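Working notes for the structure below.
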Amino acid sequence: MSSSGAAWGRRAAMSALLSVAACSLQAQTARSVGDDLVNGTDPPSSSAGPVSYSKRVPSDKTSRDAKPDFNRDIYYRNKLEFSFESGWLPINIPLVFDFLVGSPYTTWPLHYTLQPNIASLRWQLDGIEGPLILRGNWDFTFSGSATIIPRGPETRYFAFDYGIRRNFIPRNWRIVPYYEMRGGAGNINAKGPDGVLYAQGQDLTFTLMMGSGARYNFSPRASIEAGVTYMHVSNAYLSQPKYEDFGINVYGPVIGINVRLGRPKPPVEQ
């Protein structure tokens, strides 16, 4: 082989070695940049200027939204509670449903004050559901009440009532507003047959109660509540025409306690 052919062969071999080295260096650089991105470190900059890489920054929004709602351990399907409430209802008003029964929208000269004491079994019908301010659940109430009458010709009223309550339950709030309605029947020591004007016309009477307030939950087991309740007592005109049915319509504050019956709800993954 001539000297010129040998020189050409050396140059070709050198070029091939340089090409292999360049390819190896490029692959190593790319692998290093990929490792840096995985580990969260900053990538190197090239001579042509800084290279921009987008790095995923974890957000705590998901963790905030995933925070368990402790109210789901308080309000859930088929939970049973014992409730005791006591009220003081001294404010006399006209019958709120007078437009349905044709009663005159007025109060009678004989005023009453009722002091109801109500023992109830509360049965929660469902779990928490619904949007925004309507989020909540329902409970059904069975009650027995003994009402003292400190102002009025009658002195006592015993009744059985039942009704329904809507609890409005924001996420992780201990204070929960509610609205409820109850109705039932009972026995009052009526004084209308004794000749007392504007008193009740017969012993058999019916009750309607409506109220709203707020409940404060200490734990899944116990809570207290306070609100305002309207109470109507009358005999649904059964004593007429012999004795006129004037009825009682009063409202005032009421307070109560609630205690869970039975075992707590098993933990549920939120």
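As the structure is a computational prediction, the values presented were derived from the model and not from experiment.
Judged purely by distance below 3.5 Å, without hydrogens or angles, the side chains of Ser120 and Ser83 never pair a donor atom with an acceptor atom. Side-chain contact, Arg166 with Asn137: no donor N or O sits under 3.5 Å from an acceptor N or O. Between the side chains of Thr205 and Gln200, not a single donor N or O lies within less than 3.5 Å of an accepting N or O. Counted by atom type alone, Gln124 and Asp126 present zero donor-acceptor pairs between their side chains at under 3.5 Å. Side chains of Trp173 and Asn71: no donor on one and acceptor on the other come within 3.5 Å.
Between Trp108 and Phe246, the ring planes are perpendicular. Angles over 60° get that label, and only those under 30° would be called parallel. Ring planes of Tyr162 and Phe160: tilted class, angle from 30 to 60°.
Residue pairs that meet the salt bridge (Lys or Arg N to Asp or Glu O under 4.0 Å) test with at least one member in residues 236-247, sequence neighbours left out, do not exist here. Contacts classified as salt bridge (Lys or Arg N to Asp or Glu O under 4.0 Å) and involving residues 179-199 (residues at least two apart or in different chains) are given here: Glu85-Arg182, Arg122-Glu180, Arg165-Glu180, Glu180-Arg182.
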Show, in sequence, the C-alpha distance, side-chain angles and deciding distance for Tyr230 and Ile93, and conclude whether the side chain to side chain contact (heavy atoms under 4.5 Å, CB included) test is met. CA-CA 9 Å; Tyr230 162 78; Ile93 60 174; 3.7 Å; yes
Take Val228 and Tyr251, measure what side chain to side chain contact (heavy atoms under 4.5 Å, CB included) needs, and give me the verdict at the end. CA-CA 7 Å; Val228 175; Tyr251 78 93; 3.9 Å; yes
Criterion side chain to side chain contact (heavy atoms under 4.5 Å, CB included) on Val254 and Trp88, from CA distance to verdict: CA-CA 6 Å; Val254 62; Trp88 182 259; over 6 Å; no
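Side-chain contact check for Thr147 versus Met231: some heavy-atom pair is nearer than 4.5 Å. At least one side-chain heavy atom of Asn92 sits less than 4.5 Å from a side-chain heavy atom of Arg151. The shortest distance between side-chain heavy atoms of Phe82 and Leu121 does not fall below 4.5 Å. Side-chain contact check for Ile74 versus Lys265: every heavy-atom pair is 4.5 Å or farther apart. The closest side-chain heavy-atom distance from Met210 to Thr229 is not below 4.5 Å. The side-chain heavy atoms of Pro193 and Tyr243, taken from C-beta on, include a pair separated by under 4.5 Å.
Checking side-chain atoms of Asn217 against main-chain N and O of Ser219 turns up no donor-acceptor pair under 3.5 Å. No donor-acceptor pair closer than 3.5 Å links the side chain of Arg77 to the backbone N or O of Gly127. Without hydrogens or angle criteria, Asp139 side chain to Ile164 main chain gives no donor-acceptor distance under 3.5 Å. Of the possible polar contacts, none joining the Lys79 side chain to the Trp123 backbone as a donor-acceptor pair under 3.5 Å is found. A donor-acceptor pair is defined here as one N or O able to donate and one able to accept, closer than 3.5 Å; no such pair exists between the side chain of Asn187 and the backbone of Tyr157. Panel note: side chain Asn117, backbone Ala146; a donor-acceptor pair is recorded below 3.5 Å.
Counting Ile, Leu, Val, Met, Phe, Trp and Tyr side chains that sit under 4.5 Å apart, directly or through other members, Ile148 stands alone, with no cluster partners.
Shortest non-hydrogen contact noted between Ile149 and Tyr112 is CG2-CD2, 3.9 Å. For the pair Phe206 and Ala185, the tightest heavy-atom approach, listed with the atom from each and the gap, is CD2-CB, 3.8 Å. Between Asn172 and Pro68, the shortest heavy-atom distance links the atoms OD1-O, 3.2 Å. Closest approach of Ile128 and Tyr75 over heavy atoms only: CG1-O, 3.8 Å. For Ser145 against Asp161, the heavy-atom pair with the smallest separation is OG-OD2, 3.5 Å. When all heavy atoms of Pro264 and Tyr76 are compared, the closest pair comes out as C-OH, 4.0 Å.
Salt-bridge check for Arg174 with Glu225: failed, with every basic side-chain N at 4.0 Å or more from each acidic carboxylate O.
The neighbour count for Leu134 CG, taken as heavy atoms of other residues, nucleotides or ligands under 6.0 Å away, is above 12.
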